Protein chains: 2
Amino acid sequence: MLTARRVEILKAIVDEFIDTAQPVGSKTLVEKYGLPYSSATIRNEMAALEAEGYLEKPHTSAGRVPSNKGYRFYVENLTEKEVDEEVKYALSNIFDRQSMNVEEAIRESCKVISDMTSLTSGILGPDATKQSLEHIQLIPIDKRSAVCVLITNVAHTEHKVFNFAEEISVEDIKKCTDILNDRLKGTPLSDLSEKMESLKPLLVQHVRQYEMLFDAFVGAFVKFASDTLYFNGASNMIYQPEFSDIERLKSFMGKLNDSSLWRELTDTGTRQLALKTSKGSEVAWVDDLAVVSNDIRVNGQEDKVRLMVVGPSRMKYDKVMSLLDFIGQQIEKIYEEK
Amino acid sequence: MLTARRVEILKAIVDEFIDTAQPVGSKTLVEKYGLPYSSATIRNEMAALEAEGYLEKPHTSAGRVPSNKGYRFYVENLTEKEVDEEVKYALSNIFDRQSMNVEEAIRESCKVISDMTSLTSGILGPDATKQSLEHIQLIPIDKRSAVCVLITNVAHTEHKVFNFAEEISVEDIKKCTDILNDRLKGTPLSDLSEKMESLKPLLVQHVRQYEMLFDAFVGAFVKFASDTLYFNGASNMIYQPEFSDIERLKSFMGKLNDSSLWRELTDTGTRQLALKTSKGSEVAWVDDLAVVSNDIRVNGQEDKVRLMVVGPSRMKYDKVMSLLDFIGQQIEKIYEEK
DNA sequence: TTTAGCACTCGCATTTCATGACTGCCATTA
DNA sequence: TAATGGCAGTCATGAAATGCGAGTGCTAAA
């Protein structure tokens with residue numbers, strides 16, 4: 001049973017532990033947090049909190065450490081989540097530059113998040129299997145290069161600059177894009193390069209410089225289809241005391257490169273200990289890691305970009321969550337403007 | 001005096017140490033390398049090599065470890081540097097895609113280098129203070145976006161996609177680029193955004209939607225001017241035994257983000273222990289780190305892109321150097337084709 | 001000049017021990 | 001009856017002690 005006093009004690013323990021990374025003892029709570037109970041009372045309450053699964057003991061003679069269940073309660077009930085003014089100011093630089101690409105803006109914010117939290121942040125792009133091609137355009141820049149613009153059914157766009165070995169004729173570009181638009185519309189992004197292969201005969205027939213164009217498009221499709229996993233600040237983890245052991249770092253780094261893992265990590269549906277907060281961000285706990293994520297909806301569609309922060313369970317949830325919420329709003333605003 | 005036998009012993013020690021990361025003792029050399037001398041003889045020779053500065057002792061009862069001077073000799077005289085066929089094959093994927101941007105190709109190779117060597121690799125772009133603007137083009141993609149193409153005096157080009165909040169008129173784009181080309185030609189890239197400020201009154205006068213365009217260009221100029229330092233695979237270092245101490249990792253990571261450091265590191269002129277090999281790559285040693293770099297000349301000009309690999313002095317020099325040489329050649333070839 | 005042999009050095013892993021920060025429980029108190 | 005003071009018990013942590021073994025340097029003999 002979580003009495004008000006136990007909640008009070010739990011909050012103090014989580015706060016202290018997040019701050020110092022050291023197991024918290026009953027004496028600390030009296031002395032440092034001025035709780036109006038004796039240490040013996042607090043010990044009794046801590047024992048109760050442990051029995052209910054909110055706290056853990058690293059070993060007998062240490063203080064208590066919050067369990068993931070404890071963190072979950074803390075995040076759900078005990079954080080207030082407000083964004084600092086100074087933080088908003090720091091971020092305004094990024095979002096004020098209207099001319100910036102949405103992708104760039106997201107990446108930039110990702111970097112800022114890593115810097116500000118000293119954690120690892122990541123972006124998981126729209127699932128390539130769920131998007132299909134709506135339209136392709138190829139705009140010549142000069143005689144040997146062109147921009148390829150691809151638009152998906154969720155109004156998501158991607159750009160890629162092509163550079164050709166030889167000069168390329170405008171007619172060929174037109175013919176080629178006409179064929180592709182005709183034949184590839186509606187194809188899921190993940191199948192594009194495969195389906196492209198089957199168009200080869202057709203292109204050979206109608207397009208003189210088919211080879212260069214073909215290679216260029218295949219390259220572009222591969223890029224567009226790849227699960228856009230991007231992450232940043234992995235090396236920040238060396239500053240986290242929970243990673244002072246190199247082996248832990250290694251295992252963490254190994255996990256990062258696997259995008260399916262990221263998806264799973266933040267898939268609140270399957271995770272028992274996950275939590276969906278009111279403001280939008282979600283939190284999930286796995287072993288001694290916590291993942292805070294925020295889905296950015298793209299033009300009100302189902303498909304979305306997921307902004308994430310990963311770190312040890314011992315993280316400043318209020319800071320991270322408010323940051324993620326704020327940035328999520330900003331990015332959605334940019335999307336709306338477009 | 002480096003007799004042939006001492007060289008033989010030195011080579012064996014360096015080989016063994018690179019392989020095992022353990023100080024090498026006289027017995028190992030006899031048993032594992034089958035050197036036709038007794039361990040006592042080898043001990044004498046090792047003492048001599050140490051006296052001349054090619055070897056070091058971590059402590060009395062350990063084996064010997066190569067000093068940086070030892071590595072230098074090793075690299076200069078004892079490596080043969082040939083690229084594996086399988087490596088060439090692995091890289092051919094990257095360079096065969098002609099449509100790829102040179103910048104992309106370089107970045108991709110950088111990643112491959114990191115993966116293949118388990119070291120950190122980096123790219124140092126042309127020095128922005130040494131390049132000046134030759135020409136700007138702004139090509140509309142659709143009503144709200146355009147590609148900005150910037151060409152420098154060393155025929156280096158950069159692209160950036162602009163996204164505007166409102167529709168933008170073609171006349172405005174034309175007027176704006178005309179003014180910029182007229183007024184900014186010859187300006188060093190590093191001064192562009194500053195000088196842009198002084199053009200504001202002029203733009204206000206002639207261009208209706210000057211504000212959006214102005215912001216977009218300033219953003220682009222900042223990007224073009226920034227010292228293009230890019231590096232990859234820093235987290236590989238956790239697999240290197242010399243970084244099993246977290247503190248070392250921290251200090252290493254701290255250094256990486258400083259581009260002036262990278263420049264200095266590979267500035268063979270100032271570094272005593274640096275080495276310029278015949279094939280092109282340079283090696284420098286600083287403390288217990290080694291940096292192998294390869295300058296890629298851009299269109300025969302003085303200005304260049306520098307491809308680098310950093311790691312502990314104990315690295316597989318022949319592998320790294322041959323890789324860097326090979327990739328350097330490939331990239332120069334792409335540049336020539338353009 | 002090379003080699004065998006031996007004494008010596010020193011890092012490293014292991015053990016032992018003392019310390020102190022906790023807890024848990026019980027008897028006492030308000 | 002809930003809160004508290006007190007005390008015994010636990011266990012990580014760090015320091016000092018110990019033994020081991022890899023490797024050296026030196027000397028004397030081949």
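Numbered from 1 within each chain, the chains take letters A, B, ... in sequence-line order. Since the model is a prediction, treat every value here as computed from it, not as a measurement.
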From the list A:V309, A:V292, A:L324, side chain to side chain contact (heavy atoms under 4.5 Å, CB included) partner of A:V283 resolves to A:V292
From CD of A:E16 across to C1' of C:dA21 the rounded distance in Å is 14 Å
query = Have B:R43 and B:S26 got a donor and an acceptor in their side chains that come within less than 3.5 Å?
reply = yes
To the nearest angstrom, the CD-P distance between A:E45 and C:dT23 comes to 13 Å
Rounded to whole Å, CD1 of B:I9 lies from C1' of C:dT2 at a distance of 12 Å
Return yes when atom NZ of A:K316 has more than 12 non-hydrogen atoms of other residues, nucleotides or ligands closer than 6.0 Å, and no otherwise.
no
If the threshold is 4.0 Å, N to carboxylate O, is there a salt bridge linking A:E52 and A:K69?
no
Whole-Å distance, A:R5 CZ to D:dT1 P, equals 16 Å
The side chain to side chain donor-acceptor pair (under 3.5 Å) partners of A:T120 (sequence neighbours excluded) come to none
Atom CD1 of B:I42 and atom P of D:dC26 are separated, to the nearest Å, by 18 Å
B/S/- along nucleotides 7-25 of chain D (protein heavy atoms under 4.0 Å) is ---BBS---------BSBB
- Query: B:T41 side chain N/O closer than 4.0 Å to the phosphate oxygens (OP1, OP2) of C:dT2?
  - Reply: no
B:Y37 atom OH is separated from C:dA4 atom P, nearest whole Å, by 15 Å
Run the ring-ring contact (aromatic ring centres under 6.0 Å, His included) check on B:Y317 and B:Y71 step by step: do they pass?
CA-CA 9 Å; B:Y317 291 97; B:Y71 282 122; 5.8 Å; yes
